[in-house]
Number of protein chains: 2
Amino acid sequence: MQFKSVDISKTASAASIIFDALKKAIIEGNLEEGAPLRQDEIAKMFNTSRIPVREAISRLEEHGLVKSQRYKGAVVSGLSAGEAGEIFDYRAILEPHIIRISVPKMTPKALAEARSFCDAFAVSDDPMEWGDLNRKFHATLYNASGLTFHLEAVESALDRVDRYLRAQLVLSNGMARANDEHLRIQDACERGDADAAAELTHQHILGAKNSLLKHLSKL
Amino acid sequence: MQFKSVDISKTASAASIIFDALKKAIIEGNLEEGAPLRQDEIAKMFNTSRIPVREAISRLEEHGLVKSQRYKGAVVSGLSAGEAGEIFDYRAILEPHIIRISVPKMTPKALAEARSFCDAFAVSDDPMEWGDLNRKFHATLYNASGLTFHLEAVESALDRVDRYLRAQLVLSNGMARANDEHLRIQDACERGDADAAAELTHQHILGAKNSLLKHLSKL
DNA sequence: GATATTCAAATTGGATCCAATATTCAATAT
DNA sequence: ATATTGAATATTGGATCCAATTTGAATATC
């Protein structure tokens with residue numbers, strides 16, 4: 001007799017749970033930049049001691065999501081316009097490469113999944129959902145590449161700019177433009193046109209960058 | 001009366017010291033892949049408790065340098081040939097971009113410094129020193145770009161492949177070729193030819209990749 | 001003899017406690 | 001009124017202790 005593996009992820013230490021929760025809060029902007037992360041306070045929220053909290057914070061620091069100073073504690077790190085722009089440039093270099101590798105490997109299933117995210121993105125009216133669907137759409141298209149290191153690198157970069165990216169989507173016609181570009185990328189992938197998908201992805205990211213920088217300069 | 005700031009970096013927690021030491025040991029290959037990291041053992045080495053050791057290990061894990069399993073502990077992570085190749089491709093995409101931005105911003109001082117590393121690399125006969133000088137040479141050329149995110153990303157990628165990169169240098173004419181390519185990159189930078197520097201950097205990295213993969217396939 | 005079971009040792013994850021440092025704010029001096 | 005000192009408080013870094021889990025060897029079972 002065989003049992004299905006249940007995966008009751010007992011593989012979840014308190015530190016991991018706290019790490020994920022804090023990361024999510026930072027990425028979604030629920031923790032504003034500059035906000036201090038008090039170990040005691042967080043420990044109480046999760047009914048743990050400060051030990052796993054410290055581990056979570058030190059891991060976040062390695063991702064650049066918080067900055068901590070000895071005996072002073074950690075704060076959520078922000079991004080200057082220059083840094084944000086740099087990260088968009090970084091993505092604009094990597095993601096076209098990833099999707100070019102990915103296109104010839106995409107299965108009909110992956111394409112269908114991507115299209116469903118694309119459609120959901122188009123009709124969603126919840127700004128918080130946009131960021132999520134946007135990432136899922138692109139990630140689904142990229143996954144077929146099998147480039148795990150690249151994918152991790154891009155995820156990490158997105159984690160850093162996600163708050164700003166969402167802010168940019170809310171702007172003027174940010175959503176409309178993003179949606180239009182998504183459709184064109186999706187079409188290119190379905191046609192199997194890797195070069196077009198790469199070029200459209202490049203423009204998609206640079207367009208978002210310009211829109212974001214315009215927004216940031218007005219603050 | 002003014003005093004010079006002394007910067008007695010009291011800003012060094014035990015966790016940071018242990019992190020740096022373990023990272024160095026892994027990068028230099030003194031800790032072989034698969035080697036278990038026993039918290040107790042490491043704590044005794046540094047005359048500390050296991051708490052800062054755990055923090056160091058969890059930070060290393062975020063960099064992909066170790067893999068840890070709940071209640072089982074952490075081991076130094078290795079790289080398959082495919083993963084190593086992927087990381088070289090990643091570098092081959094990013095580093096040309098960085099040096100292209102960097103070239104027009106390089107100061108005579110930076111160029112002189114790079115050349116000195118280049119020369120030192122040429123005459124060094126210590127394999128362990130090669131990796132260090134190689135990184136310093138490239139880092140010096142890249143620094144002028146001011147692309148801090150890109151630089152961190154490349155450093156992180158290099159951390160993952162440094163052991164293999166050094167192994168590759170030891171091969172046949174690895175050093176001779178690397179040295180020749182370094183000179184050509186240095187020359188391009190001194191001429192202010194950003195495109196040439198970028199193209200040479202691209203070839204330099206892909207050449208190392210091919211050499212490495214040839215080496216790995218023989219194991 | 002090979003496989004399953006039990007149990008002690010080893011190891012990690014986390015809680016509690018203590019030390020080191022920073023911050024706050026009232027008391028004092030200029 | 002402002003600047004400075006200094007103690008009280010808050011906060012972080014680390015040590016020690018306990019609980020949960022894994023590992024491996026000894027024993028039992030077929």
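Sequence lines set the chain letters: A, B, ... in the order given, protein chains first and strands last, and positions in each chain run from 1. Remember, it's a predicted structure, so these values are computed and weren't measured experimentally.
Taking atom CZ of residue Arg38(B) and atom P of nucleotide dT22(D), one finds them 14 Å apart after rounding to whole Å. Tyr71(B) has its OH atom 12 Å from the C1' atom of dC18(D), to the nearest Å. Summarising the geometry, the separation between CD on Gln39(A) and P on dT21(C) is reported as 16 Å, rounded to the nearest angstrom. Nucleotide dT23(D) holds its P atom 14 Å from the CZ atom of Arg70(B), rounded to whole Å. The separation between Gln69(B) atom CD and dT12(C) atom P is 12 Å, rounded to whole Å. Summarising the geometry, the separation between CD1 on Ile42(A) and P on dG14(C) is reported as 15 Å, rounded to the nearest angstrom.
Under the 4.0 Å criterion applied to side-chain N and carboxylate O atoms, Lys109(A) and Glu113(A) are not assigned as salt-bridge partners. Using a 4.0 Å cut-off between charged side-chain N and carboxylate O, Asp20(B) and Lys24(B) make no salt bridge. A salt bridge links Lys23(B) with Asp159(B); the closest basic N to acidic carboxylate O contact falls under 4.0 Å. Salt-bridge formation is detected for the pair Arg54(B)/Glu55(A): a Lys NZ or Arg NE/NH1/NH2 atom is positioned less than 4.0 Å from an Asp or Glu carboxylate oxygen.
The side chain of Arg54(B) has dG14(C) as its nearest neighbour among dT12(C), dG14(D), dG14(C).
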Tabulate atom names and distances for all N/O pairs under 3.5 angstrom spanning the protein and nucleotides 15-17 of chain C.
from, atom 1, to, atom 2, distance (Å)
dA15(C), OP2, Ser49(A), N, 2.6
dA15(C), OP2, Ser49(A), OG, 2.7

Every protein N/O lying under 3.5 Å from an N/O of nucleotides 5-7 of chain C:
none

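Considering Asn134(B), Asp132(B), Thr140(B) in turn, Asp132(B) is the only one that fulfils the side chain to side chain donor-acceptor pair (under 3.5 Å) rule with Lys136(B).
Asn179(B) contributes atom CG, which lies 8.5 Å from atom CG of Asp119(B) (distance to the nearest 0.5 angstrom).
Between His138(B) and His182(B), the two ring planes are perpendicular [angle over 60°; tilted spans 30° to 60°].
By the 6.0 Å contact criterion, CD on Glu33(B) is enclosed, its count of non-hydrogen atoms from other residues, nucleotides or ligands being greater than 12.
Each of Leu37(B) and Lys72(A) lies near DNA chain C, and the nucleotide nearest Leu37(B) is the one positioned closer to the 5' end.
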Report, one line per pair, each donor and acceptor closer than 3.5 Å where one atom sits in a side chain of residues 87-104 of chain B; sequence neighbours left out.
from, atom 1, to, atom 2, distance (Å)
Asp89(B), OD1, Lys209(B), NZ, 2.9
Asp89(B), OD2, Lys209(B), NZ, 3.2
Tyr90(B), OH, Tyr90(A), OH, 2.7
Arg91(B), NE, Glu95(B), OE2, 2.5
Arg91(B), NH2, Glu95(B), OE2, 3.3
Glu95(B), OE1, Tyr142(B), OH, 2.4
Arg100(B), NE, Asp195(B), OD1, 3.1
Ser102(B), OG, Leu141(B), O, 2.7
Ser102(B), OG, Tyr142(B), O, 3.2
Ser102(B), OG, Ala144(B), N, 3.4
Ser102(B), OG, Ser145(B), N, 2.8

